[in-house]
Amino acid sequence: MSGKILIIVAIAITAYILVPGFAGIIARFRVKRLAVRLAAGTGDEATIEGVERNTITLAFPDGRERLSLDPRETRFFIFDREPGPEKLSWKTVRLIQSGTRITYLAGKNGLKRGVCVFHSGNGAIAADARELLAKGSWIPETGPLPIKAFSVATGIFLEFLMLIEALGQDGAAIVAIAALVGIFGKALPYLPPGLLFTIAGAKKNRQRGATGFIFIALGTALNISVLFLFILNVGIVLP
């Protein structure tokens, strides 16, 4: 029984913490590397000549041949001096008007996707990128990552399988409860009544320090207690 509980804990830690955390580190590294390339002035200045359903065409001021890009093989960002590079969806890019200036960075060795960067500032994008990198406290914003959602969904599915197996066995109530907590593990900070603590903790986190983490931990603990009481009331009895 203790082995199954360890499996449940391992699934939760891997799917809810390790994989999303590692994905976030990689995403932040890529955004920072993009800022480094922009600061080095390695991109080509261009303008959008046209945006069609599945194609974006770039025109270069030096008379070079126009370049047609497949959005599936291109990443799009908007660069602002404060938050730094932020990823744009293709739906957003399609709304941008022709003639808009961008910086284009070709993919290296034909293996990596090219990058189109829209600049919302008035100065040179390279100078603004260098100013951004000079801030030692800059933490790149990654936005939503599909792999995080996939990891959480996989973890919930595996925890659900553990719950079904435990419900079919005698004397496995504690395993069933652990699996049920694991299913709701990622959502626990965002469920009432602990949600109020999570909201307060999120506000504190903007000010740095450990207070926000303590508030979120209290809200999660409160929700776990409520979940256990619910489980006991519906007829699952602890051994």
Side-chain angles (χ1 to χ4, degrees), residues 16-48 51 56 58-61 67 69-109 111-152 189 198-199 201-213 216:
Y16 302 156
I17 300 175
L18 295 183
V19 173
F22 187 64
I25 291 173
I26 294 176
R28 285 191 292 272
F29 171 77
R30 288 178 174 175
V31 172
K32 193 165 187 176
R33 185 174 58 183
L34 172 61
V36 170
R37 292 183 66 187
L38 292 173
T42 56
D44 295 317
E45 297 300 318
T47 58
I48 295 179
V51 180
I56 179 171
L58 305 183
F60 297 93
L67 181 64
L69 301 175
D70 186 334
R72 294 170 297 183
E73 299 176 358
T74 309
R75 292 184 296 157
F76 300 94
F77 288 83
I78 184 168
F79 183 90
D80 187 90
R81 186 180 299 178
E82 293 303 321
E86 294 183 89
K87 194 171 183 179
L88 294 177
S89 67
W90 173 240
K91 290 182 179 180
T92 302
V93 174
R94 288 182 61 185
L95 300 176
I96 296 177
Q97 297 180 348
S98 300
T100 302
R101 295 177 57 189
I102 69 161
T103 297
Y104 175 69
L105 296 95
K108 296 181 179 179
N109 303 321
L111 298 176
K112 296 183 179 180
R113 292 180 293 172
V115 181
C116 290
V117 184
F118 301 89
H119 188 201
S120 63
N122 296 322
I125 191 171
D128 285 349
R130 285 192 291 269
E131 181 180 334
L132 179 70
L133 291 170
K135 299 178 180 179
S137 60
W138 176 56
I139 300 177
E141 295 287 343
T142 59
L145 299 175
I147 191 172
K148 289 185 176 182
F150 177 78
S151 178
V152 171
T198 300
I199 294 173
K203 292 182 179 179
K204 291 291 184 180
N205 277 339
R206 297 193 189 101
Q207 305 170 6
R208 308 273 182 182
T211 307
F213 174 78
I216 295 173

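Side-chain atoms are counted along with the backbone in the values below, which use heavy atoms only and exclude waters and symmetry mates.
- Enclosure of atom CZ in Arg37 by more than 12 non-hydrogen atoms of other residues, nucleotides or ligands within 6.0 angstrom is indicated.
- Across every non-hydrogen atom of Leu132 and Gly84, the tightest pair is CD2-CA, 3.6 Å.
- Residues that satisfy the side chain to side chain contact (heavy atoms under 4.5 Å, CB included) test with Ala35, not counting sequence neighbours, are Pro85, Leu133, Trp138.
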Show the atom names and distances, to 0.1 Å, of all donor-acceptor pairs under 3.5 Å that link a side chain in residues 100-107 to residues at least two apart or in another chain.
from	atom 1	to	atom 2	distance (Å)
Thr100	OG1	Gln97	O	2.7
Thr103	OG1	Glu45	OE2	3.2

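- Shown here are the side chain to side chain contact (heavy atoms under 4.5 Å, CB included) partners of Lys87, two or more places apart in sequence or in another chain: Phe77.
- Residues forming a ring-ring contact (aromatic ring centres under 6.0 Å, His included) with Phe76 (at least two apart in sequence, or on another chain): Trp90.
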Inset, instruction - Would you check, one step at a time, whether the test side-chain contact (heavy atoms from CB on, under 4.5 Å) holds for His119 with Asp128? - result: CA-CA 10 Å; His119 188 201; Asp128 285 349; 3.0 Å; yes
Inset, instruction - Decide yes or no on side-chain contact (heavy atoms from CB on, under 4.5 Å) for Cys116 and Leu58, but give the supporting numbers first. - result: CA-CA 10 Å; Cys116 290; Leu58 305 183; 4.1 Å; yes
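- Residues Ile56 and Thr74 have side chains not in contact (no heavy-atom distance under 4.5 Å, counting atoms from C-beta outward).
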Inset, instruction - Decide yes or no on side-chain contact (heavy atoms from CB on, under 4.5 Å) for Ile96 and Ile48, but give the supporting numbers first. - result: CA-CA 9 Å; Ile96 296 177; Ile48 295 179; 4.0 Å; yes
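- One finds the CD1 atom of Ile78 at 9.5 Å from the OG1 atom of Thr92 (value rounded to the nearest 0.5 Å).
- Remark: the backbone N or O of Ile147 is not paired with any side-chain donor or acceptor of Ser151 at under 3.5 angstrom.
- For the pair Leu34 and Arg75, the minimum side-chain heavy-atom distance is 4.5 Å or more.
- Distance check, rounded to the nearest 0.5 Å: CZ of Arg113 to CG of Asp70 gives 10.5 Å.
- Ala127 is linked by a side chain to side chain contact (heavy atoms under 4.5 Å, CB included) to Ala124, Arg130, counting only residues two or more places apart in sequence or in another chain.
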Inset, instruction - Begin with the C-alpha distance, continue with both residues' side-chain angles, and end with the deciding distance and a verdict on side-chain contact (heavy atoms from CB on, under 4.5 Å) for Phe118 and Val93. - result: CA-CA 10 Å; Phe118 301 89; Val93 174; 4.2 Å; yes
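- Legend: residues meeting side chain to side chain contact (heavy atoms under 4.5 Å, CB included) with Arg28, ordered by chain and number and at least two apart, are Ile25, Ile139, Pro140, Thr142.
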